[in-house]
Amino acid sequence: MSRFNLRAQLALLLTCAGATSCSSSAGTRVVESTGGAGSVANSTAGTAGAGSASNTTAALIAPRIRRLTNAEYDASVQALLGTTLALGARFVPDARLYKYGKFDRNEAQIVEPLLARQLQQAAETLATEYVEKKLDQDLPCVMAADAACARQFFEGFLPKAYRRALGGSELDDLLSMVVTPALTRDGFRPAIELGIEAALQSTAFLYHSELGDDASLAGVKTLTNAEIADALGFLITGSPADAELARAADLTSPDAREQHARRLLETPLARSQMHRMVKQWVGIDQVSDTLKSKTKFLNYQPQAFDQESNDFVDEVVFARKGDFRMLMGAAFTVGTSSLADTYGAPQPSVDPGLIDLSSVPRRGIFNLGAFLATNATLELPSPVKRGARFLTQALCIDPGDPNALKLNITLPPSNSSQTTRQRFEAHAQGACLGCHSMIDSVGFTFEHFSAVGAWEANEDDKPELPIDSSTTLSLPSDIPFAGQAVADSSELATLVSQSDAGRRCFARNLARFTSASYGDALEQAFLEEWKRLADSGEDSVQELLVAYVRSNLFVQRGAK
């Protein structure tokens, strides 16, 4: 059999091994999760720490296997092989559960045919690089180049790749089906290379397992120590468990999990993971790819907005141990003197550094450049985009889907004699009125911000087109500031930052990210923990994460 044909069979054989369901038909799922937050079971938890929400009846995620995100794939191969390549960044984009927050960490990921090919190509590239650059220094017996040395290599390699101890005949199967035939046919190095390719395409590598400590589908299961370590590493750092965490003896202990969580939160990888979580929550993680008119905005640099978002999260979450209130209502940001000029704010004392926003109408992450530029057109702000995104992400209000109503959606025509607000006010009529009265009442508060987030008094610097951002909020009656008049988005952000409605929405989104799932019962359990922490004044973003790690929601799975 040729090496090419062997590779083609490996991609299917090893990807299907151990999966709940598998099909060789193009376009079908390779792996189906065994359950999700929609399948919940009630359990009286007994291993969580004192004060944990899981000391009461909790909604548990069902046992599952979750495909690694593209970012988690890159982190995993980098930790395993010592490569600096980030091939996962070029894969088919991860699925996002849009209605429930645009998080790539979710249990809905599947392996489509195109992704399967990309995974195969990546495995070939990574295996070739490793054998050429690292094999000699990692394998003392490499000069022997025999079957015994090949076995020695994979005895050490596979547990690291699979992030757990090997079970059953896993090692012998890989050797007999892949490595030994290649060793006979092509020689030692090609055999090692092919074995690495096979491991990188296996479910054991590509999927994070949360199946628990027995094979039964009945009752509550506790994740295995290796599964807990993996889950903790991927949650806090976006990477597999590091050596210290992998060696941990008893991660069923809430205190042990908390100790490792706090240790990992001090690492640079935790900062990158927190950037990912906050930016995906707000919907600004792709601002670097946001295009604007080159003739109208000569100095537009979306990468600067992306860096500002990272630095802002670092300052709020890590430097100041901040909470939702600070994320939402901070009167500062972090950036360069050029950014301060764009914002009309005082220069930072160091460049880059803290920018004081107390003298300008700009509060919190929803008033920074990344959100404003992402939710705009090439040349103009978009009150509908800004309003709808703010409602869904900051208040967890579904503004409605015009496609579901089979409405013919058209943008207001260009008119140089009208402001953007004046043009959009005309479209809120008839069947559109119900949704747009709410969306626009929020979106119009951002009108002073251009398509690139700069503050402007008049549209296109025309004195005859003064901008008006004042509005009366048309929100559901359970929002405490529904019907309230606000001057601008800064005042709106401050109101939301101080409200239970805003904090509860953030907690729900954090629950979706941490659990890689969603569901009312699961989110309600998380909200109970948030309430306990909020009452004690300890509801910082970091403390919410630690509380989740301590809880039974993190380590237990319910029956399907």
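Bear in mind the structure is a predicted one, so any value in this text is a computation, not a measurement.
Salt bridge status for D285 with R96: present, with a side-chain N to carboxylate O gap under 4.0 Å. Using a 4.0 Å cut-off between charged nitrogen and carboxylate oxygen, R263 and E244 count as a salt-bridge pair. Taking the charged nitrogens against the carboxylate oxygens, E72 and R105 do have a contact shorter than 4.0 Å, which makes a salt bridge. A salt bridge links R262 with E543: at least one charged nitrogen is closer than 4.0 Å to a carboxylate oxygen. A salt bridge between R117 and E112 is absent, with no side-chain N of the basic residue lying under 4.0 Å from a carboxylate O of the acidic one. One finds a salt bridge joining D306 and K279 here, because a Lys/Arg side-chain nitrogen approaches an Asp/Glu carboxylate oxygen to under 4.0 Å.
Atom CZ of R151 sits about 5.0 Å away from atom CG of L175, to the nearest 0.5 Å. Between T374 atom OG1 and L368 atom CG the span is 11.0 Å, to the nearest 0.5 Å. The CD atom of E129 lies 13.0 Å from the CG atom of L135; values are rounded to the nearest 0.5 Å. Between the CD atom in E308 and the CD1 atom in I284 there is a gap of 8.5 Å [rounded to 0.5 Å].
Remark: R257 is not positioned above the aromatic ring of F554, lacking an NZ or CZ atom under 6.0 angstrom from the ring centre and at most 45 degrees off the axis. Both tests do not hold together for R389 against F371: distance to the six-membered ring centre under 6.0 Å, angle to the ring axis within 45°.
Environment of NZ in K133: sparse, with no more than 12 heavy atoms of neighbouring residues, nucleotides or ligands closer than 6.0 Å. Heavy-atom neighbours of K160 NZ from other residues, nucleotides or ligands within 6.0 Å: at or below the threshold of 12. In this structure, D250 places its CG atom where more than 12 heavy-atom neighbours from other residues, nucleotides or ligands lie under 6.0 Å away.
Using a 4.5 Å heavy-atom threshold, the side chains of R276 and D104 count as touching.
Residues Y73 and F91 bring their aromatic ring centres within 6.0 Å. For F366 and W281, the ring centers sit closer than 6.0 Å to each other.
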| field | Test log, rule side chain to side chain donor-acceptor pair (under 3.5 Å), inputs E227 and S209 | value | CA-CA 6 Å; E227 287 176 329; S209 166; 2.6 Å; yes
| query | Passes salt bridge (charged side-chain N to carboxylate O under 4.0 Å, His left out), E107 versus R64? Steps please. | reply | CA-CA 8 Å; E107 60 194 3; R64 64 183 180 179; 2.7 Å; yes
| Between H275 and D314, is a side chain to side chain donor-acceptor pair (under 3.5 Å) present by the stated rule, with each step listed? | CA-CA 8 Å; H275 300 163; D314 286 345; 2.7 Å; yes
| Derivation of the side chain to side chain donor-acceptor pair (under 3.5 Å) call for D172 and S176 | CA-CA 6 Å; D172 288 334; S176 63; over 6 Å; no
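Between Y548 and F526, the angle of the ring planes lies from 30° to 60°, which puts this pair in the tilted group.
Results of the side chain to side chain contact (heavy atoms under 4.5 Å, CB included) test with R557 over L60, N552, L223 single out L223 as the only residue that passes.
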